[in-house]
Asks: 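Okay, here's the structure, questions in a sec.
In this chain, residues are counted from 1 in sequence order. First listed ligand is number 1; within each ligand, the first listed atom is number 1.
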Amino acid sequence: MDYAPVIEILNEILKHEWTGVAQYSQNSFIHEGPWREVYADKFLGDAKESFKHAQLIGDKIVALGGVPVATRNEIRQSKDLKEVLQYSLEFESKAVEMYTKALELADGDRALVVFLEDILLQEQEGVDEYSKLLRNTDAAQNVGIIEDDSKKKIG
Ligand SMILES: [Fe+2]
């Protein structure tokens, strides 16, 4: 089996995972307001998941005889929660797409297929999670509006 095409897509994936480490960390750092209590940890957790995947993919690239990249793509950051959730959903969706493509190229190496499928499942969980969080974004903002109104009445 020729692993060159697999190594190439794994390096694209690695670059994406490094982007995730930086993007999720940055969004964790800059998120302010009451929802920081929830989302700073959530985004940091996702940064750690990206780092875990980067480790797995980097080690696998070397095992297959390749050289891992140490670069990343541009990150997308925002202080607006809904925007960050959208960026996150797009990030996770792209990961699902890339691992699916890698799986097609890994056909013929059963262990590699299982290895990639395991990560693909986690990426899909990310898509499911951010899809659900985005559905609740408007409701979360409404709570903020109600709190502001009550403050006005007291004042
Ligand atoms: Fe990942």
Side-chain angles (χ1 to χ4, degrees), residues 1-33 35-141:
M1 184 170 169
D2 177 16
Y3 284 102
V6 180
I7 291 167
E8 197 178 324
I9 180 77
L10 289 184
N11 259 324
E12 279 177 46
I13 287 173
L14 182 57
K15 212 171 165 182
H16 188 63
E17 297 291 7
W18 285 133
T19 308
V21 172
Q23 180 168 310
Y24 281 121
S25 297
Q26 180 70 0
N27 282 307
S28 168
F29 299 153
I30 67 172
H31 199 73
E32 294 173 310
W35 289 100
R36 173 171 180 77
E37 192 68 19
V38 175
Y39 284 101
D41 280 352
K42 161 73 180 148
F43 295 141
L44 200 60
D46 285 338
K48 286 175 185 170
E49 188 182 283
S50 270
F51 180 61
K52 191 182 74 189
H53 292 168
Q55 277 184 297
L56 288 168
I57 296 299
D59 277 339
K60 185 57 78 179
I61 288 168
V62 173
L64 296 175
V67 179
V69 296
T71 52
R72 63 166 171 84
N73 304 308
E74 284 296 304
I75 65 161
R76 300 170 82 191
Q77 58 179 305
S78 172
K79 285 189 173 185
D80 179 82
L81 178 59
K82 194 167 185 177
E83 234 170 41
V84 180
L85 294 177
Q86 273 164 348
Y87 294 160
S88 303
L89 176 60
E90 284 165 29
F91 179 87
E92 299 292 326
S93 301
K94 193 184 171 192
V96 166
E97 198 181 294
M98 293 175 101
Y99 280 98
T100 303
K101 193 176 160 195
L103 272 159
E104 285 168 19
L105 296 169
D107 193 33
D109 183 332
R110 190 66 198 147
L112 185 58
V113 166
V114 172
F115 169 84
L116 291 169
E117 278 178 346
D118 193 42
I119 306 175
L120 174 64
L121 267 181
Q122 294 172 34
E123 305 296 0
Q124 183 60 49
E125 277 170 18
V127 169
D128 293 350
E129 186 66 15
Y130 279 110
S131 299
K132 286 187 271 186
L133 285 171
L134 269 165
R135 276 177 218 155
N136 287 330
T137 306
D138 288 337
Q141 284 169 347

Asks: Any side-chain heavy atom of I57 sitting closer than 4.5 Å to one from Y99?
Replies: yes
Asks: Are F91 and Y24, when compared by the centres of their aromatic rings, separated by less than 6.0 Å?
Replies: yes
Asks: CD/Q124 to CD1/I119 distance, rounded to the nearest 0.5 angstrom?
Replies: 14.5 Å
Asks: Taking the basic N atoms (NZ, or NE/NH1/NH2) and the acidic carboxylate oxygens, is any pair closer than 4.0 Å for K42 and D46?
Replies: yes
Asks: side-chain hydrogen bond (donor to acceptor under 3.5 Å, both in side chains): which pairs involve residues 57-71, sequence neighbours left out?
Replies: none
Asks: For N27 and Y87, test the side chains for any donor-to-acceptor distance below 3.5 angstrom and give the result as yes or no.
Replies: no
Asks: What count do you get for protein N/O/S atoms less than 2.8 Å from the Fe ion (ligand 1)?
Replies: 4
